[in-house]
Amino acid sequence: MTAAHIAFAAFALITVVSAFVVASHRSIVHSAFGLFFTFFGVAGLYLTLGADFVMAAQILIYVGGIMVLLLFGVMLTPSRRSDFVPARFLRALTLGAIVLVGLLWVLKNAHWATQELASPESTIDEIGRQLLTREQYLLPFEVVSVLLLAALIGAAYLARRRKIVD
Amino acid sequence: MYFDYTNVLIFFLVGIGFVGVNMVVGSLLRPSKPNPEKNSAYECGEDPIGPNRVQFDIRFYTVALIFIIFDVEIAFLFPWANSFQEFKAAGLGGLVFFEVLVFVSILFLGLVYLWAKGDLDWVKSTEAQRRAALAHRRAEEAKETAADSAKSESATELDLTVAAEAGHH
C-alpha cells in the first residue's frame, strides 16, 4: 500500500460517492453540483494512473467548461423536482444490475496486460513532441482544429434563437 | 512523477482545510439566534415572491457552448507551449510556430463567423429578440381566440409552479 494507492482509493471514493449523489438526489441543481465532484475525482484518477495531461484536460474542459454548460442547461430548464417513481426505479435498477454483471464478467475474464511502468516524468513533453512532428501527429492536430470549427459553427447554429413565429 | 503533484495535493488539502476550519471556528464563535426574517432569502429587503429559480436567457447557453470550443483549443495549446522551447533549440521554432498558427487561424475563422452572425453581440440580439417578440404579438393578435386560450393555459401553469414551490417551502 503506497501513497499512490491511497490517493487512487481516495479519488475513487470521491468519484463513486459524488456519482451516487448525482444519480440519487431529487433536486437537479444538487445533482449538477455533485457532478462537479465526480469530474474532479475522475481527474484525480487520471493523475494517479500517470496521465497528467489527461488530468489537466479533464479539469480544464470538464470541470471548467462542461460543468458551466450543464449548469446553464439546468437553469434553462423549468424548475421541477423529480419524484420517486417505483416503476422507473425498478427499470433503472434492472439495467444497472445488468451493466454491473457485464462489467464484473469483463473484469474477471479479461486478460489484463499489466506491466511495471518505469515511472514516466511527465506525459506532456512527449505529447507536445509527437503532436508537432510532421511524421507523427501533426496532420491529426490540424484536423482537430477543423473538427472544432465544425463543432463551433454547428453549436452556434443550433443554439441560435430562431424566429418565434414559425 | 508523483512528487510534482504532491505539491498540488497539499495545496488542494490546505485549501479545503482552510474553508472547513474557518466554518467550524465561525460556527463555534458566533451566536445562533435564527428567526423567520433572518432565514428568508434576502432580496434587498423585499419579501421574496415566487420560485427562486428563474429561466435563464438562452444566450448564456450559447456563450457557454462557444466557450467550451475555445476551452478545448486551449487544452490543445498546452503541449505546444510546453514543447516550444525544445523545438526552438532544435532550430524548428519558426516551423512549429507556423503549425500552431494554422491551428489557431482555423478556429479564428469560427470566431469571425460568430462575430459576423451576431452571436457574440448581446445588445443586437436583444434588439432582434424584441423585434421577433413584436412580430409574435402581432401574429397573436391576428388569431386572438387561440392566443387567449394559450395565455390562460400558461397562466395556470405558472400559478401551479408557484403553489408547488410555496408548498415545498
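Letters A, B, ... are given to chains in the order of the sequence lines, protein chains preceding strands, and every chain is numbered from 1. Hydrogens, waters and symmetry mates are skipped; everything else that's a heavy atom, side chains included, is used. Because the structure is a prediction, the values reported are computed rather than measured.
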Treat each ILVMFWY residue as a node, draw an edge where side-chain heavy atoms are under 4.5 Å apart, and state whether [X] and [Y] are in one component.
| X | Y | result |
| --- | --- | --- |
| A:F20 | A:V22 | no |
| A:L13 | A:F33 | no |
| A:L107 | A:L45 | no |
| B:V104 | A:L132 | yes |
| A:F39 | A:V16 | no |

Handout entry: Distance, nearest 0.5 Å, that separates CZ of B:F67 from CZ of A:F72
Key =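 If we round to the nearest 0.5 Å, B:F67:CZ and A:F72:CZ are 10.5 Å apart.
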
Problem - A:L47 CG to B:L9 CG distance, which is reported to the nearest 0.5 Å - result: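 It is 8.5 Å, given to the nearest 0.5 Å.
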
Handout entry: Region of A:L71 in contact with chain B, defined by heavy-atom distances below 4.5 Å
Key =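 Neither part, no heavy atoms under 4.5 Å.
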
Handout entry: Residues of residues 139-152 of chain A within contact distance of chain B, non-hydrogen under 4.5 Å
Key =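 Residues of residues 139-152 of chain A touching chain B at under 4.5 Å: A:F141, A:E142, A:V144, A:S145, A:V146, A:L148, A:L149, A:A151, A:L152.
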
Handout entry: Residues of residues 54-62 of chain A within contact distance of chain B, non-hydrogen under 4.5 Å
Key =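 Listed by number: A:M55, A:L60, A:I61.
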
Exercise for the section: Compute the ring centroids of A:Y157 and B:Y113, then answer whether they are less than 6.0 Å apart. Expected result: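 Here the rings of B:Y113 and A:Y157 have centres that are no less than 6.0 Å from each other.
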
Practice task
Flag yes if more than 12 heavy atoms outside A:F11 fall under 6.0 Å of its CZ atom; otherwise flag no.
Solution key: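 Yes.
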
Practice task
Could you tell me whether A:F37 atom CZ has more than 12 heavy atoms of other residues or ligands within 6.0 Å of it?
Solution key: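 For A:F37, atom CZ is not crowded (no more than 12 foreign heavy atoms under 6.0 Å).
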
Exercise for the section: Examine whether an atom of B:I106 lies under 4.5 Å from a heavy atom of chain A, and if so say whether it belongs to the side chain, the backbone or both; otherwise answer neither. Expected result: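 For B:I106, backbone and side chain are both near chain A.
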
Handout entry: Per-residue contact mode, B:L65 against chain A (heavy atom under 4.5 angstrom)
Key =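 For B:L65, the contact with chain A is made by backbone and side chain together.
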
Practice task
Between chain B and each of A:I127, A:L131, A:V68, A:L138, count heavy-atom pairs under 4.5 Å; write down the option with the most.
Solution key: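 Highest number of heavy-atom pairs under 4.5 Å: A:L138.
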
Exercise for the section: Could you list which of residues 79-90 of chain B have a heavy atom closer than 4.5 Å to any heavy atom of chain A, in residue-number order? Expected result: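 So far as heavy atoms go, B:P79, B:W80, B:N82, B:S83, B:E86, B:F87 are the residues that approach chain A to under 4.5 Å.
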
Problem - residues 18-33 of chain B: residues contacting chain A (heavy atom under 4.5 Å, by number) - result: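 From residues 18-33 of chain B, none sit under 4.5 Å of chain A.
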
Exercise for the section: Output the option from B:L95, B:V96, B:V63, B:V102 having the highest count of non-hydrogen pairs under 4.5 Å with chain A. Expected result: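 So the answer, after comparing B:L95, B:V96, B:V63, B:V102, is B:V102.
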
